Protein chains: 2
Amino acid sequence: MATLTGVQKQYILHWGEMGTRWGINRTVAQIHALLYLSSRALPAEEIAETLSVARSNVSTSIRELETWGIVRAVHVLGDRREHYESMKDVWEMFRLVVEQRKRREIDPTREMLRRSLEELDPKEPGAEFTRERIAAMAGFFDAVTELHDQMKALPTGTVRKLLRMGAKVKRVKAI
Amino acid sequence: MATLTGVQKQYILHWGEMGTRWGINRTVAQIHALLYLSSRALPAEEIAETLSVARSNVSTSIRELETWGIVRAVHVLGDRREHYESMKDVWEMFRLVVEQRKRREIDPTREMLRRSLEELDPKEPGAEFTRERIAAMAGFFDAVTELHDQMKALPTGTVRKLLRMGAKVKRVKAI
DNA sequence: CTATAATTTCAGTTAAGACAGAATATACTG
DNA sequence: CAGTATATTCTGTCTTAACTGAAATTATAG
């Protein structure tokens, strides 16, 4: 079992807290942090010991991280256990998470809003008002989706470049 | 007490669920949804009855929404109770929330990463590796902050326009 | 200033989610 | 194919956060 340095502990604990604030299980986040900081793939056993959590907890959490696509199992010669390692590319990791949270949360919300607009009975009291409000929210989510798709289509650096250019809005508009 | 239509119920319940997935208290989210859909400001009492939650729970939740700056108390002539209403501008609401979550969560994380890099003892085993990893993460958070600041500085529509332009990356680069 | 309405705070309870450990299943080795 | 190592699933326990109701505080009206 790898003993953690102070800095590593600090990072892992902070990451765990961050996770809980964004709806991600603390252990899941901590395991990710540990693997991210690890220079070699770790077997479940070792993860459990290092973080002082149950082996079964690690199993579930790893599976969660695997479905996100940011952790994968690798094999080490002469060891039949699975060893787990984290993706190294930070941008790519966040891109994956954002894309999937969009699919799991944004998309169903748009769906709900669309359905609401359909189901709205114009005879209900205040229907017109309700429609306006829901349509405004739907418009926002549509725009976010559009934004997401456009960003996805661009190479990472380009987005930043474009925004930097945006500071000179007048010029850009003139193009 | 206003009875809710089916569409309103659907919206409020969904919004509550969304909240929990993003680390926002279910009741807080539901109250926001109710106020967002309401054509008039509502007193705490009525909110409590409509959503079937305790009056005190409403009090706490409203205060939370007030600190976000997306709900405010207004007064109705001839009624000494406070009535609460939600901001109407969807973009502005999300902008406020994003800005504050950045301050509460992203900024402290950057701080932690910076501190970690300072505290790293080069003599520790694997210090160089740890430094690389943390620096990569710090770079990401710096970039996100830069992105956030740049977007904040631009009028809403411009961001979308810029990204749409980005589809023609070559041309943009040539500018 | 007193009475009453409204709001907030606080202590205790409840509910949801996280977690551990046992039981089960799967995969590997000789 | 038997035995063993590893991984997963499941059930109950525990922790944490949400919520309630009562008590305390604050504000308003007469």
Side-chain angles (χ1 to χ4, degrees), chain A residues 1 12-35 41-68 71-85 104-105, chain B residues 1 12-35 41-68 71-85 104-105:
Chain A
M1 156 183 170
I12 290 168
L13 292 174
H14 186 101
W15 208 238
E17 286 316 305
M18 277 294 276
T20 61
R21 299 229 184 177
W22 290 87
I24 288 166
N25 181 294
R26 179 179 285 113
T27 307
V28 170
Q30 286 185 351
I31 290 177
H32 175 259
L34 173 62
L35 293 177
L42 304 178
E45 187 71 32
E46 190 171 341
I47 297 172
E49 284 171 12
T50 307
L51 299 177
S52 312
V53 296
R55 175 69 189 72
S56 57
N57 198 0
V58 172
S59 179
T60 316
S61 301
I62 288 280
R63 208 147 53 83
E64 171 86 8
L65 287 165
E66 281 177 331
T67 70
W68 288 107
V71 159
R72 61 172 187 168
V74 295
H75 288 276
V76 172
L77 281 177
D79 191 337
R80 73 201 228 194
R81 295 174 303 176
E82 309 231 41
H83 291 58
Y84 301 97
E85 68 177 13
R104 298 182 195 181
E105 290 146 22
Chain B
M1 157 181 169
I12 291 168
L13 291 174
H14 185 103
W15 207 238
E17 286 315 306
M18 278 293 277
T20 61
R21 299 228 184 179
W22 290 88
I24 288 165
N25 181 294
R26 180 179 282 115
T27 307
V28 171
Q30 286 184 351
I31 291 177
H32 176 260
L34 173 62
L35 294 178
L42 303 178
E45 187 71 31
E46 190 171 343
I47 296 172
E49 284 170 10
T50 308
L51 298 178
S52 312
V53 295
R55 174 69 188 72
S56 56
N57 197 0
V58 172
S59 178
T60 316
S61 300
I62 288 280
R63 207 145 54 82
E64 171 87 8
L65 287 165
E66 281 177 331
T67 69
W68 289 108
V71 159
R72 61 171 188 170
V74 295
H75 288 275
V76 172
L77 280 177
D79 191 337
R80 74 199 226 193
R81 295 174 303 177
E82 309 233 41
H83 290 59
Y84 301 96
E85 69 177 13
R104 297 181 196 184
E105 290 145 23

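Protein chains get the first letters and strands the later ones, always in sequence-line order, with residue 1 at the start of each. Since this is a predicted model, take the numbers as computed values, not measurements.
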Undergrad: Quick one: on DNA chain D, does B:Ser56 or A:Thr60 contact a more 5' nucleotide (nearest heavy atom)?
TA: A:Thr60
Undergrad: By the 4.0 Å heavy-atom rule, please label A:Glu82 as base, sugar-phosphate, or nothing.
TA: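 Answer is sugar-phosphate: A:Glu82 comes under 4.0 Å of backbone atoms only.
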Undergrad: Do A:Leu13 and A:Gln30 have side-chain heavy atoms sitting under 4.5 Å apart?
TA: yes
Undergrad: Let me know, please, whether A:His75 or A:Asn25 comes out on the 5' side of the other along DNA chain C by nearest nucleotide.
TA: A:Asn25
Undergrad: Tell me: CG of A:Asn57 to P of D:dT11, nearest whole Å?
TA: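 For the pair A:Asn57 CG and D:dT11 P, the rounded distance is 17 Å.
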Undergrad: Using atom CD1 of A:Ile24 as one end and atom P of C:dC19 as the other, report the distance to the nearest whole Å.
TA: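 The answer, rounded to whole Å, is 13 Å.
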Undergrad: Can you tell me the distance, in whole Å, between the CZ atom of A:Arg26 and the C1' atom of D:dA17?
TA: 11 Å
Undergrad: Base, sugar-phosphate, or nothing for B:Arg55, non-hydrogen atoms under 4.0 angstrom?
TA: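 Since a base atom lies under 4.0 Å of B:Arg55, the category is base.
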Undergrad: Determine whether a donor-acceptor pair (N or O, by modelled atom type, separation under 3.5 Å) exists between the side chain of A:Thr60 and the backbone of A:Ser56.
TA: yes
Undergrad: Mind calculating the distance between CD (A:Glu46) and C1' (D:dA7) to the nearest angstrom?
TA: 17 Å
Undergrad: For a quick check of understanding: with a heavy-atom distance under 4.0 Å over all strands, which category does B:Thr20 fall into, base, sugar-phosphate or nothing?
TA: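 Counting heavy atoms under 4.0 Å across all strands, no contact is made by B:Thr20.
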Undergrad: With a non-hydrogen cut-off below 4.0 angstrom, is A:Arg81 in contact with a base, only sugar-phosphate, or nothing?
TA: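 Answer is sugar-phosphate: A:Arg81 comes under 4.0 Å of backbone atoms only.
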Undergrad: I'd like to know if B:Arg26 and B:Glu17 make a salt bridge, using a cut-off of under 4.0 Å between side-chain N and carboxylate O.
TA: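 Between B:Glu17 and B:Arg26 there is a salt bridge, with a charged N closer than 4.0 Å to a carboxylate O.
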Undergrad: Name the closest nucleotide to the B:Thr27 side chain, picking from D:dC19, D:dT20, C:dA20.
TA: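 Ranking D:dC19, D:dT20, C:dA20 by closest atom to the B:Thr27 side chain puts D:dC19 first.
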Undergrad: In this structure, how many angstroms lie between the C1' atom of C:dA6 and the NE2 atom of B:His83, rounded?
TA: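 After rounding, the gap between these two atoms is 12 Å.
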Undergrad: Mind calculating the distance between CG (B:Leu51) and C1' (D:dT20) to the nearest angstrom?
TA: 15 Å
Undergrad: Send over the distance from B:Arg63 CZ to D:dA18 P, rounded to a whole Å.
TA: 14 Å
Undergrad: Would you kindly give the OH-to-P distance between B:Tyr84 and C:dA6, to the nearest whole Å?
TA: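 About 12 Å, once rounded to whole Å.
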Undergrad: Do the side chains of A:Val58 and A:Leu51 get nearer than 4.5 Å, heavy atoms only?
TA: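 In short, these two side chains do not touch, never coming nearer than 4.5 Å.
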